[in-house]
Number of protein chains: 2
Amino acid sequence: MLAKYQNWLRDHGLKATKNRMMMLEVLDEDHKFLSAEEIYQSLIEKASNLSLSTVYRSMESLVEVGLVSPVNLETSKQTLYELSHTEHAHHLICMSCQKVIHVHGCPVASYEKQIAKEHQFTVREHKLELYGYCQECSTK
Amino acid sequence: MLAKYQNWLRDHGLKATKNRMMMLEVLDEDHKFLSAEEIYQSLIEKASNLSLSTVYRSMESLVEVGLVSPVNLETSKQTLYELSHTEHAHHLICMSCQKVIHVHGCPVASYEKQIAKEHQFTVREHKLELYGYCQECSTK
DNA sequence: GTAGGTGCAAAGAGTTTGCATACGC
DNA sequence: GCGTATGCAAACTCTTTGCACCTAC
């Protein structure tokens with residue numbers, strides 16, 4: 001898994017530094033979108049001299065080579081990051097615990113075509129997010 | 001139109017001040033989402049002593065009483081504002097000129113139910129945005 | 001007249017940048 | 001060894017807040 005990332009980075013002219021590998025690991029483990037600050041916090045123990053600006057700069061690079069995707073949710077004013085998924089997916093976002101559930105499959109494709117025709121609009125991408133409460137938080 | 005807003009404000013314990021009415025007017029006229037800064041800029045001529053913080057504070061109040069909705073688009077890091085629509089709508093966002101086209105009708109309803117069942121997730125609201133290029137910008 | 005609204009300036013959050021040093025390849 | 005990556009501090013942008021004055025009702 002990590003070796004894959006290493007190669008991908010090198011193939012795209014980026015060095016596979018400790019910091020970057022650790023950040024990718026954190027993003028890989030956690031099932032939330034993470035803010036730069038959160039990534040920083042979860043690494044500061046292992047890498048005591050890591051700096052927040054390195055996290056920002058790394059996210060920028062990783063986004064550029066397509067390993068990471070940035071997201072702006074309505075529930076947070078910070079930019080959040082997740083590993084890019086090759087498969088198109090949508091998100092269920094828990095408004096209580098911020099957990100993000102990925103859902104594959106997409107109900108929008110045919111709608112997109114219809115819209116494109118009706119409004120002479122060239123659709124490049126779309127974003128569908130469902131906000132609500134996950135099983136655990138609803139039962140509380 | 002404006003009288004409606006006046007009553008709505010008063011009914012919700014807010015005063016119908018000149019500033020607020022002008023802001024609602026700007027939001028009503030323009031067919032983009034507007035940032036606080038843009039609202040400020042389009043009013044500064046008529047209201048030379050308006051301050052940006054008043055725009056922020058007004059948006060906050062107007063959002064609270066439901067006249068205005070805040071939006072975080074992927075294309076802007078600022079919070080943008082639009083008049084709340086009683087009718088559920090989705091958005092086509094032009095990545096070139098930032099124009100926003102409102103589209104009524106929603107393909108997500110049945111999908112939502114299916115998801116709710118599959119993932120034991122209580123959906124409260126959703127957001128669907130299509131990013132691409134409007135007719136004018138595509139032909140350029 | 002009074003409570004809520006506003007302008008101004010200052011403070012806060014989140015993010016970016018300049019520069020000298022360190023590290024991957 | 002070369003060039004990218006990093007740490008630190010400072011700058012920057014967007015947004016919020018404190019306080020004295022003002023205005024809608």
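Per chain, numbering begins at 1; letters A, B, ... match sequence-line order. Please read all numbers here as calculations on a predicted model, not as lab measurements.
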Contact list (N/O, under 3.5 angstrom) for nucleotides 1-3 of chain C vs protein:
residue : atom : partner : partner atom : Å
C:dA3   : N3   : B:K15   : NZ           : 3.0

Working for side chain to side chain contact (heavy atoms under 4.5 Å, CB included), residues B:Q6 and B:L14: CA-CA 9 Å; B:Q6 280 191 4; B:L14 294 183; over 6 Å; no

First encountered from the 5' end of DNA chain D, between A:K18 and B:Q78: A:K18

Residue closer to the 5' end of DNA chain D, B:L14 versus B:R57 (nearest nucleotide): B:R57

Base, sugar-phosphate, or nothing for [X], non-hydrogen atoms under 4.0 angstrom?
| X | result |
| --- | --- |
| B:R20 | sugar-phosphate |
| B:A16 | sugar-phosphate |
| A:S35 | nothing |
| A:S58 | sugar-phosphate |

What's the [atom1]-[atom2] distance between [X] and [N], to the nearest Å?
| X | N | atom1 | atom2 | value |
| --- | --- | --- | --- | --- |
| A:M59 | C:dT17 | CE | P | 17 Å |
| B:N49 | C:dA9 | CG | C1' | 16 Å |
| A:L9 | C:dC23 | CG | C1' | 15 Å |
| B:M23 | C:dG5 | CE | P | 12 Å |
| A:E38 | C:dT15 | CD | P | 11 Å |
| A:I39 | C:dT15 | CD1 | P | 11 Å |
| A:K77 | C:dG12 | NZ | P | 14 Å |
| B:Y56 | C:dG12 | OH | C1' | 13 Å |

Output yes when a side-chain donor or acceptor of [X] lies under 3.5 Å from a complementary backbone atom of [Y], and no otherwise.
| X | Y | value |
| --- | --- | --- |
| A:W8 | A:G66 | no |
| A:S48 | A:E45 | no |
| B:Q78 | B:A36 | no |
| B:T139 | B:E136 | yes |
| B:R20 | B:K15 | yes |

Carboxylate-amine/guanidinium contact B:E125 B:K127, below 4.0 Å: no

Below 4.0 Å: OP1/OP2 of C:dC23 and any side-chain N or O of A:N19: no

Short side-chain N/O contact from B:T54 to OP1 or OP2 of C:dG5, under 4.0 Å: no

Donor on one side chain, acceptor on other, B:E38 and B:Y40, under 3.5 Å: no

Criterion side-chain contact (heavy atoms from CB on, under 4.5 Å) against B:S51, the qualifying member of B:V55, B:T54, B:N49: B:T54

No-H, no-angle donor-acceptor pair, A:R10 side chain to C:dG24 base, under 3.5 Å: no

Range on DNA chain D touched by chain B - first to last nucleotide, heavy-atom distance under 4.0 Å: D:dC14 to D:dC25

CA sep, side-chain torsions, deciding dist, call: B:H126, B:H88, ring pair (Phe, Tyr, Trp, His ring centres under 6.0 Å): CA-CA 10 Å; B:H126 69 256; B:H88 180 66; 4.7 Å; yes

